[in-house]
Amino acid sequence: FLQRDELSQGDFSQELRVTSRGDSAWRGTGGLYYYRGHLDEEVENRVVVAADGGISVEPNVGNRTLQDVENRAVFGALEVDLDHAVTAGLELRYAADEVEVTNVPNVGGTGDSTRFSETFHSWSPRLTVTWQASPALMPYLNIARGQSPGTFNADVPNTPEGTPDESYRDVDEEVVWSYEAGLRGEWLEGRGRYALAAYYLDVSDQQFTAIIELEDGRTATILDNVGRTAVSGLEFEASAQLGERLTSTVTYAWTDSEI
């Protein structure tokens, strides 16, 4: 059997950031971000085994996939110290992701290349609130929105008529809203630390890699959207310095997910 997978990729990123002084009641930062990535993959499979066990030898050609991604973003953050030892922070990021995927079938032989491109726009806010209730206790709250930009499957299964099944082509953007509340503190007069957190993730159009069965009995791997996912959990960690050379640590995590 002959299988060849040749992959080359490269990326470039640059960020310009301006930050205010950190010893004032109002603190801020802002900046610009740029990313460019390129992937070039060529896969060659000459010997194909059918579902009935039959073996066929394909011509000495392969499929080539080109993927180019450009990300441009502007971001800013503001943090302020309020009364009663409360600190609040607000962050906001705008990004535009330009995705282009090109599929070149039968490299070195016959076949027309196909190109798919789209620009995905997103806003990512984040709110943080902390309360230094005492030198040894700090409750906090985080609320944030994140996302993974959409993309395309360069190579999709064929329909029974032999044409590409375009229902597998587009992959929607994945969006995550995260909520976290917790406590951080010290105990044993500073010789121990602990952290307790409860979180909830609301994921829509989650992206995942799926293996599907084709009409001829073979399988294909594609990127797809699972729909909506909810994840909730608890995390606890505590440590203590029991002696000059002895430290004890206890951790616990519980997760419940629903798709």
**OP:** Determine, stepwise, if the pair Thr87 / Tyr140 fulfils side-chain hydrogen bond (donor to acceptor under 3.5 Å, both in side chains).
**Re:** CA-CA 9 Å; Thr87 299; Tyr140 68 92; over 6 Å; no

Subject >> Atom pair CG/CD of Leu7 and Glu42 - distance to nearest 0.5 Å >> reply: 11.5 Å

Original post:
Looking at Tyr194, does the NZ or CZ of Arg184 lie under 6.0 angstrom from its six-membered ring centre and within 45 degrees of the ring axis?
Top reply: no

**OP:** Supply the atom-to-atom distance Tyr168 OH to Asn153 CG, rounded to the nearest 0.5 angstrom.
**Re:** 10.5 Å

**OP:** Let me see the working for Phe152 and Gln67 under side chain to side chain contact (heavy atoms under 4.5 Å, CB included), right down to the final yes or no.
**Re:** CA-CA 9 Å; Phe152 304 94; Gln67 180 173 347; over 6 Å; no

**OP:** Kindly give the heavy-atom pair with the smallest separation between Gly192 and Leu188, and that separation in Å.
**Re:** N-CB, 4.2 Å

Subject >> Heavy-atom side-chain contact between Asn142 and Arg126 under 4.5 Å >> reply: yes

**OP:** Taking all heavy atoms of Thr151 and all of Phe120, pick out the closest pair and write down the distance.
**Re:** N-CZ, 3.9 Å

Original post:
Under 4.0 Å between a Lys/Arg side-chain N and an Asp/Glu carboxylate O for Arg72 and Asp97?
Top reply: no

Original post:
Taking the side chain as C-beta and beyond, is there a heavy-atom pair between Val171 and Gln207 under 4.5 Å?
Top reply: yes

**OP:** Please report the C-alpha distance between Arg17 and Phe75 in whole Å, then the side-chain angles of each, then the deciding distance to 0.1 Å, and finally whether the side chain to side chain contact (heavy atoms under 4.5 Å, CB included) criterion is met.
**Re:** CA-CA 9 Å; Arg17 180 187 295 262; Phe75 59 90; 3.8 Å; yes

Original post:
If we only count heavy atoms from C-beta on, is the Trp123 to Leu92 side-chain gap below 4.5 Å?
Top reply: yes

Subject >> From Val176, Asn225, Val175, residue fulfilling side chain to side chain contact (heavy atoms under 4.5 Å, CB included) relative to Ser204 >> reply: Val175

Original post:
Roughly how far, to the nearest 0.5 Å, is the OG1 atom of Thr114 from the CG atom of Asn103?
Top reply: 4.5 Å

Return all side-chain donor-acceptor pairs below 3.5 angstrom for residues 230-251, not counting sequence neighbours, or 'none' if the list is empty.
| residue | atom | partner | partner atom | Å |
| --- | --- | --- | --- | --- |
| Gln241 | OE1 | Thr247 | OG1 | 3.0 |
| Gln241 | NE2 | Gly243 | O | 2.5 |

Subject >> Between CG on residue Asp172 and CD on residue Gln206, distance to nearest 0.5 Å >> reply: 13.0 Å

Original post:
Do the numbers put Arg93 on top of the ring of Tyr33, so that NZ or CZ is under 6.0 Å from the six-membered ring centre and no more than 45° off the axis?
Top reply: yes

Original post:
Are side-chain heavy atoms of Glu173 and Ser148 found at a separation under 4.5 Å?
Top reply: no

Subject >> Side-chain heavy atoms of Thr221 within contact of Thr209, under 4.5 Å >> reply: yes

**OP:** Could you tell me which non-hydrogen atom of Asn71 sits nearest to which non-hydrogen atom of Ala95, and how far apart they are?
**Re:** ND2-CB, 3.9 Å

**OP:** Decide if atom CZ of Arg193 counts as having more than 12 heavy atoms of other residues, nucleotides or ligands within a radius under 6.0 Å.
**Re:** no

Subject >> Gap between atom CG of Leu223 and atom CG of Asp170 - 0.5 Å precision >> reply: 11.5 Å

**OP:** Using a strict cut-off of less than 4.0 Å between a Lys/Arg side-chain nitrogen and an Asp/Glu carboxylate oxygen, indicate whether Arg27 and Asp81 qualify as a salt bridge.
**Re:** yes

Original post:
Are the side chains of Leu201 and Thr229 in touch, meaning some heavy atoms are under 4.5 Å apart?
Top reply: no

Original post:
So Tyr94 and His121, would you call those rings parallel, tilted or perpendicular, with 30° and 60° as cut-offs?
Top reply: parallel

**OP:** Evaluate side chain to side chain contact (heavy atoms under 4.5 Å, CB included) for Glu174 paired with Val203, printing each intermediate quantity in order.
**Re:** CA-CA 7 Å; Glu174 175 182 306; Val203 188; 3.9 Å; yes

Original post:
Would you say Phe208 and Ile259 are hydrophobically clustered, going by side-chain heavy atoms of ILVMFWY under 4.5 Å?
Top reply: yes

**OP:** Apply side-chain hydrogen bond (donor to acceptor under 3.5 Å, both in side chains) to the pair Glu15 and Tyr34, showing each step before the final yes or no.
**Re:** CA-CA 6 Å; Glu15 181 178 283; Tyr34 175 78; over 6 Å; no

Original post:
Can you list the steps and then say if Asp68 with Arg36 is a salt bridge (Lys or Arg N to Asp or Glu O under 4.0 Å)?
Top reply: CA-CA 7 Å; Asp68 293 282; Arg36 181 180 68 246; over 6 Å; no

**OP:** Show your reasoning for whether side chain to side chain contact (heavy atoms under 4.5 Å, CB included) applies to Phe116 and Val99.
**Re:** CA-CA 8 Å; Phe116 307 90; Val99 181; over 6 Å; no

Original post:
Is any side-chain heavy atom of Trp131 less than 4.5 Å from a side-chain heavy atom of Val129?
Top reply: no

Original post:
Tell me, do Leu183 and Leu137 make a side-chain contact under 4.5 Å, heavy atoms counted?
Top reply: yes

Original post:
Should Ser124 and Gln147 be marked as a side-chain hydrogen bond (donor to acceptor under 3.5 Å, both in side chains) after you check the CA-CA gap, both sets of side-chain angles, and the distance that decides it?
Top reply: CA-CA 8 Å; Ser124 303; Gln147 66 285 315; 2.9 Å; yes

**OP:** Give a yes-or-no answer on whether the side chains of Asp40 and Ser8 include a donor-acceptor pair shorter than 3.5 Å.
**Re:** no

Subject >> Rounded distance (nearest 0.5 Å) linking atom CD of Glu180 with atom CD1 of Ile143 >> reply: 11.0 Å

Subject >> Residues which pass ring-ring contact (aromatic ring centres under 6.0 Å, His included) with Trp26, listed by chain and number, not counting sequence neighbours >> reply: none

